[in-house]
Number of protein chains: 2
Amino acid sequence: MDIRSFLAHTFLFHSFTDKETDLLTASTSLKKVSKGEQIFSEGLEATAFFIVVSGKVKIYKLSPDGKEYTLHIHGPGEPVAEAAIFDSMTYPASCTALEDATLVRISREGFLDLIKKYPELSLKIMSGYSKRLRQFVAKIEELTVKDMKSRLARYLLENSVVENGKTVCHLTHSKKELSSLLGTIPETFSRTLAFFKQQKLVTENDNTIVIPDPKKLKLFSD
Amino acid sequence: MDIRSFLAHTFLFHSFTDKETDLLTASTSLKKVSKGEQIFSEGLEATAFFIVVSGKVKIYKLSPDGKEYTLHIHGPGEPVAEAAIFDSMTYPASCTALEDATLVRISREGFLDLIKKYPELSLKIMSGYSKRLRQFVAKIEELTVKDMKSRLARYLLENSVVENGKTVCHLTHSKKELSSLLGTIPETFSRTLAFFKQQKLVTENDNTIVIPDPKKLKLFSD
DNA sequence: CGTTGCGTTGATCTCTATCAAAAAAGGTGG
DNA sequence: CCACCTTTTTTGATAGAGATCAACGCAACG
């Protein structure tokens, strides 16, 4: 695994230039942990933060009476404990691996030096955060607009292309998976698609949906 | 009210020197709004962000069919829309005052200049981003759990504190607002809470929910 | 062939939004 | 303090969307 190219694709650092990514990579190392292994503990000095490459880690706190509370579970691509680096000196919670995992470790000092030296970097990181937040807002919107017909219509239109004059959507996933992606179950998916077919809004041929009149279908997407 | 001294005590700026605070204050102005008044709207150019001085504001989105759902409620000391000013230039959601409120308005330009000059400031902003991101993840998890009883039970438990031996949840928002935050309408909220009361899982006194047996209530949160 | 998994169709049931209206809680002005 | 009005909260009845349960056709595959 190449740390450099991994970092270049994380949401935090994706807009870094090659040179900036090089500089950042210099402050990193790879950490492999086995299931159950401790990554850091509450109260210890926060000397680094991490980005999960593979596996899953759990952030938890111990209550006074010794019980543990899971705060978060982080998977591939997600930064871990970066808030501790940004605003305090100690880890506010503990972290262990839920499965065998590998992480990129980014040292606090190296990271802070970099930011102080190249203030544009922090703008890029913030922009990354900002985009990520917008994605989440969009996702929340999807979930709150809960009508199946809208969701399916929107999906078909957003994933359609024009091929020799016809608007078509190639279904790249099985219908079972699609149902799940759209937040429903296969039965409901099937019925909704059947409804569109019956209304002559779409026709289906060999896993390809043809949309004769996109504008008409669009009426259903809200 | 003195903007300068208020800013000096906010989370974002409390570690500023007097001189830095002066510079910042130069880019700000005070904005007073009455209950219900619009502060900014989705899609408009993000020319500034705000910090709540007093009152409460709500961040929300309108779905295509005109219904609104609340993303956040912000109170005194909290920054609002600071995420919007780094990338796409437009507000991703709208904001109105829930009560008469006063805000400090900080212009985008002035603030960006300041960040370039004082990189430590960006660390604080990034820390805020990181926390906000977690809130969204939690919110999405909330919404995908589609049963109202689970959502309310989870909310009550997550916002409860132990006071002289009793687990209680102080409702800090009106029930109408709470409904919106939980992704439902007041009627359903009221009924669900009534159900919990009838099952003796909770009692209510003056906007405070008492949870006699948190474990029992927890059974409903999944 | 039988088995297994996917996709479709049908019947039913649960949850919750909607519509309607009453009750409770806050103001506001006299 | 009271009458009046507005807003919030609660309760009731209804309807619609979608999940659930069940069954069947169909293709892939050993």
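Quick note on labels: first sequence line is chain A, next is B, and so on, each numbered from 1. Scope of the values below: all heavy atoms of this structure, side chains included, with no hydrogens, waters or symmetry mates. Just so we're clear, the structure is a prediction, and the values are computed from it rather than from any experiment.
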Check the distance between D/dT8's P and B/His173's NE2 and give it to me in whole angstrom. 15 Å
Write down the distance between CG (B/Leu178) and C1' (D/dT8), rounded to a whole number of angstrom. 13 Å
Main-chain N/O of A/Lys149 paired with A/Arg154 side-chain donor or acceptor, under 3.5 Å: no
Does B/Lys175 make a side-chain N or O approach to OP1 or OP2 of D/dT8 shorter than 4.0 Å? no
Quick one: are the ring centres of B/Phe220 and B/Phe196 less than 6.0 Å apart? yes
What is the distance, rounded to the nearest whole Å, between atom CG of A/Leu171 and atom P of C/dT8? 10 Å
Over how many whole Å does the gap from B/Glu99 atom CD to C/dG26 atom C1' extend? 14 Å
Please report, rounded to the nearest Å, how far the C1' atom of C/dT8 is from the CD atom of A/Gln198. 15 Å
Between B/Glu204 (CD) and C/dA24 (P), how many Å, whole number? 14 Å
Base contacts versus sugar-phosphate-only contacts with protein, heavy atoms under 4.0 Å: please encode nucleotides 13-30 of chain D as B, S and - from 5' to 3'. B----SSBB---------
When the ring centroid of B/Tyr69 is compared with that of B/Tyr60, is the distance short of 6.0 Å? no
Aromatic contact between B/Phe136 and B/His72, with the criterion being ring centroids under 6.0 Å apart: yes or no? yes
Without swapping roles, check the side chain of B/Glu37 against the backbone of B/Ser34 for a donor-acceptor pair under 3.5 Å. yes
Output the rounded distance in Å from CG (B/Leu152) to P (C/dC15). 15 Å
Mind running side-chain contact (heavy atoms from CB on, under 4.5 Å) on B/Val57 and B/Glu99 for me, showing each step along the way? CA-CA 7 Å; B/Val57 303; B/Glu99 321 167 344; over 6 Å; no
When rounded to whole Å, the CG to P distance for the pair B/Asp100 and C/dG26 reads 17 Å
